[in-house]
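Here the structure is a predicted model, which means the values were calculated and not measured. Residue numbering restarts at 1 for every chain, and letters A, B, ... go by the order of the sequence lines.
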Amino acid sequence: MASTPILKPVPAVEPDPGRVPVPELSRTRPKRRSPLKLLLWLALLAAMAVFVYPLVWLVSASFKPQSEVFDNRLFPQTPTLANYVEIWNAAPLALWMGNTVLVTVLAAVAVTLSSSMVAWGFAYYRFRGRNALFFLVLATMMLPGAVTLIPTFLIWNALGQVGTLTPLWAGNLFGSAFYIFLLRQFFLGVPRQIFEAARTDGANDWQLFRHFALPLCKPALIVTLLFEAQAAWTDLMRPLIYLRDSSTFTVPRGLKAMVDQFGFAGNWHWELIVTASVITTLPMIVMFFIGQRHFIEGVATTGLKG
Amino acid sequence: MDTARTYRLRKRNRRQTRNALLFISPWILGFLVFTLWPILYSGYLSLTDYDVLNDPNFVGLENYRQLGQDPRVMLSLRNTMFYAALSVPLHIGIALLLAMLLMRARRATGFFRTVFYLPNMTPPVAVGILLLLLFNGHNGLVNAVLGFVGIPGPDWTTDSTWIKPGLVLMSLWTLGGSTIILLAALNNVPRDLYDAALVDGAGPLRRFTSVTVPMISGTLFFLVIVNTIAALQSFTEAYTAYFGAGNGTYSNDAALFYVIYLFRQAFEYLNMGFASAMAWLLFAIIMVITAIQYVVGRKLVFYEGEDGG
């Protein structure tokens with residue numbers, strides 16, 4: 001069901017073939033409808049302003065000197081690149097970026113591999129207790145993260161991994177309920193005959209998964225990769241819990257440290273915070289524009305599946 | 001002959017089961033280590049005094065008794081409920097309105113959908129920072145706009161009456177995801193239902209209440225449940241904006257959400273036993289609220305193929 005695009009653009013209304021357009025009529029029709037149409041476009045443009053302007057404001061502020069950060073001008077009065085130069089001295093941003101890229105890649109790849117394997121196990125095979133076990137997978141989604149937060153910390157602590165980046169991604173090696181659910185739906189959507197044919201041709205179980213199931217579900221794998229990459233890149237709570245030394249920080253954790261240091265601790269440098277925010281957000285925006293279709297269809301699908 | 005066939009079948013079934021379990025094994029292992037054991041151990045910890053450095057000290061139900069006596073537990077609970085009760089209906093209501101506008105945007109639908117989703121890509125930390133800057137009482141953009149139309153804006157980030165409304169408003173910035181979900185649901189409503197309603201003489205309002213709402217009620221129900229659970233566990237934006245490192249000199253009790261207080265108890269004050277009890281109370285509250293929503297939802301949600309609503 002998900003192999004066809006979920007979202008199609010709303011088809012433009014075809015001209016009614018029964019009614020030959022008469023010049024007089026076609027001139028009067030737009031006139032009658034225009035006030036409502038105008039209102040629709042005004043509302044959409046207003047909404048667009050609300051959604052986009054804060055980001056524009058942020059980017060604009062990052063090019064302003066300290067004294068003008070709060071002037072709310074769209075275009076900086078005295079545009080400057082100084083913040084983008086200063087920021088690398090003010091904080092080990094390059095190091096934080098490197099840490100975050102590492103965690104993001106490992107988290108996304110790990111969760112995609114493990115979740116797709118588990119999803120395939122639930123989608124293709126029939127065995128006793130399968131439905132009960134799958135129900136358990138879904139049930140874990142209901143559990144608030146707060147319940148497992150402390151014991152999970154104690155596990156990583158016992159393994160000596162607190163203070164390292166490992167706890168931020170290694171849990172993803174065991175699959176994640178939401179992605180298992182999403183990928184299973186995709187696998188179920190592939191006609192079973194394809195797999196039967198591959199098996200008749202001599203494919204073993206692993207080859208069936210690796211060379212037939214995975215390639216056929218590429219869109220769902222990409223959605224999983226992108227969603228988890230975003231989650232890993234933007235996470236704050238786990239870095240707050242597990243990272244101690246500022247050299248191990250991820251960018252969101254570092255950004256929070258900057259807010260504490262430059263925003264409140266008497267040492268006002270909001271222009272640097274704003275600049276670091278832009279640098280933290282930019283990779284996500286780039287990723288969104290590259291994988292736009294997958295993001296939007298992925299989000300739409302999660303709603304319909306629920 | 002017959003037994004040989006059963007034997008082969010049984011052998012095949014066993015192999016199937018073995019291979020299935022091999023594929024599922026990462027999850028089983030993860031479930032045992034990172035879900036089941038933590039649940040059990042968290043239950044045990046909630047009955048102890050534990051600061052990580054010393055061994056857990058069994059105290060029975062003391063932590064649960066303390067929950068009722070710590071004024072901050074009740075305060076953070078009230079803050080969280082207030083936030084959820086305000087943000088969830090606004091979030092879904094506005095998302096529905098936008099989705100319905102997008103339905104009529106013809107070829108521009110795709111463009112606006114992308115634009116509306118952009119804020120969802122912004123890291124929550126940056127959203128918390130934007131909150132502090134845009135809602136600043138003296139020089140923030142929000143009050144500048146309000147002032148422009150003659151409304152004197154409040155001190156959103158320092159006046160404890162306005163901190164939560166400010167957090168609610170900021171949270172509405174990221175409702176693009178729900179808009180996309182609702183747009184997909186609206187696109188799935190069969191056109192002929194609207195045609196039939198039109199023939200029956202139903203006006204726009206009637207078409208909305210009798211066709212649109214019932215046909216997307218399943219999606220609305222899903223959004224209510226998911227967004228409520230998320231709102232009750234809200235953390236990052238408020239923590240970034242109002243709770244600093246160290247001993248929380250900049251903390252503001254008006255923004256103290258339940259999970260923020262739980263986090264501080266666990267990892268700043270190292271009261272792991274008490275924090276575990278807090279986690280179980282949260283779990284119970286989420287279960288009760290979800291159950292109520294589920295029972296009410298079953299009555300209201302229209303499922304295709306059923307008679308009536």
* Asked: Most heavy-atom pairs under 4.5 angstrom with chain A, which of B:I28, B:L29, B:V145, B:I286?
  -> B:L29
* To do: Could you tell me which portion of B:F221 (side chain, backbone, both or neither) has an atom closer than 4.5 angstrom to a non-hydrogen atom of chain A?
  => neither
* Top residue by heavy-atom pair count (under 4.5 Å) with chain B, among A:L149, A:T281, A:I150, A:L236? -> A:I150
* Asked: Is NZ or CZ of B:R264 both nearer than 6.0 Å to the six-membered ring centre of B:F243 and within 45° of the ring axis?
  -> no
* Between CZ of A:F122 and CZ of A:R184, what distance do you get to the nearest 0.5 Å? -> 8.5 Å
* Asked: Taking everything shown except A:R126 itself, do over 12 heavy atoms lie less than 6.0 Å from its CZ?
  -> no
* So what's closer than 4.5 Å to chain A heavy atoms on B:T290: side chain, backbone, both or neither? -> side chain
* Top residue by heavy-atom pair count (under 4.5 Å) with chain A, among B:V115, B:N19, B:N136, B:N13? -> B:N19
* To do: Identify the heavy atoms of B:T157 and B:L131 that sit nearest to each other, and give their distance.
  => CG2-O, 4.0 Å
* Please state whether the side chain, the backbone, both or neither of A:L154 comes within less than 4.5 Å of a heavy atom of chain B. => side chain
* Sequence neighbours left out, what passes ring pair (Phe, Tyr, Trp, His ring centres under 6.0 Å) with B:F31? Give chain and number order. => B:W27
* Given a strict heavy-atom distance threshold of 4.5 Å, which part of B:L134 is in contact with chain A: side chain, backbone, both, or neither? -> side chain
* Asked: Can you tell which of B:L45, B:T174, B:I39 has the highest number of heavy-atom pairs within less than 4.5 Å of chain A?
  -> B:I39
* Structure fact -> Of A:L173, A:L136, A:V274, A:V251, the largest count of non-hydrogen pairs under 4.5 angstrom with chain B goes to A:L136
* Asked: For B:F112, is it the side chain, the backbone, both, or neither that has a heavy atom closer than 4.5 Å to a heavy atom of chain A?
  -> side chain
* **SB check A:R253 A:D235 (cutoff 4.0 Å)** => no
* Asked: Tell me, side chain or backbone of B:V259 under 4.5 Å from chain A's heavy atoms, or both, or neither?
  -> side chain
* Spell out, as yes or no, whether a donor-acceptor pair under 3.5 Å connects the side chain of A:R244 to the backbone of A:I241. => yes
* Using non-hydrogen atoms and a 4.5 Å limit, figure out which bit of B:L172 sits close to chain A: side chain, backbone, both or neither. => backbone
* **Among A:F153, A:Y124, A:W233, A:F289, residue most engaged with chain B (heavy-atom pairs, under 4.5 Å)** => A:F153
* Can you spot which of B:V301, B:L96, B:I181 makes a side-chain contact (heavy atoms from CB on, under 4.5 Å) with B:T219? => B:I181
* **Among the listed options B:F263, B:W280, B:F116, the residue most often paired with chain A at heavy-atom distances under 4.5 Å** => B:F116
* Report the option among A:F127, A:Y53, A:W120, A:F174 that has the most heavy-atom pairs separated by less than 4.5 Å from atoms of chain B. => A:F174
* Between A:F70 and A:W270, what is the ring plane arrangement, given parallel below 30°, perpendicular above 60°, and tilted in between? -> perpendicular
* Over all heavy atoms of both residues, which pair between B:N139 and A:N72 is shortest? Give the atoms and the distance, please. => O-ND2, 3.1 Å
* **Engaged part of B:L101 at the chain A interface, taking heavy atoms whose separation is under 4.5 Å** => both
* Taking only heavy atoms into account, what residues of residues 224-235 of chain B are found under 4.5 Å from chain A? -> B:I229, B:Q233, B:F235
* **Top of A:L143, A:D71, A:T140, A:V69 for chain B proximity - count of heavy-atom pairs under 4.5 angstrom** => A:L143
* Structure fact -> Okay, B:A144 and chain A: the region with an atom under 4.5 Å from a heavy atom over there is side chain
* **Nearest heavy-atom neighbours spanning A:Q230 and B:M121** => NE2-CA, 3.5 Å
* Pick one of side chain, backbone, both or neither for B:M287, based on which atoms fall under 4.5 Å of a heavy atom in chain A. => side chain
* Asked: Under a 4.5 Å cut-off applied to non-hydrogen side-chain atoms, are A:I285 and A:F288 in contact?
  -> no
* Please check if the distance between the ring centroids of B:Y44 and B:W37 is under 6.0 Å. => no
* Asked: Sub-3.5 Å donor-acceptor pair from the side chain of A:S277 to the main-chain atoms of B:A126, do we have one?
  -> no
* Asked: For the residue pair B:F274 and B:Y261, does the interplanar ring angle fall in the parallel (under 30°), tilted (30 to 60°) or perpendicular (over 60°) class?
  -> perpendicular
* To do: Would you mind telling me which of B:L133, B:I94, B:L118, B:L97 has the largest number of heavy-atom pairs within less than 4.5 Å of chain A?
  => B:L133
* Asked: Side chains of B:W173 and A:L55: does their closest heavy-atom pair fall under 4.5 Å?
  -> yes
* Using non-hydrogen atoms and a 4.5 Å limit, figure out which bit of A:M141 sits close to chain B: side chain, backbone, both or neither. => neither
* Structure fact -> Most contact-rich option vs chain B, by heavy-atom pairs under 4.5 angstrom, among A:P151, A:G175, A:A146, is A:P151
* Picking from B:I129, B:T35, B:T17, B:T236, which has the most non-hydrogen pairs under 4.5 angstrom with chain A? -> B:I129
* Under the 6.0 Å and 45° cation-pi test, does A:K256 pair with B:Y239? -> yes
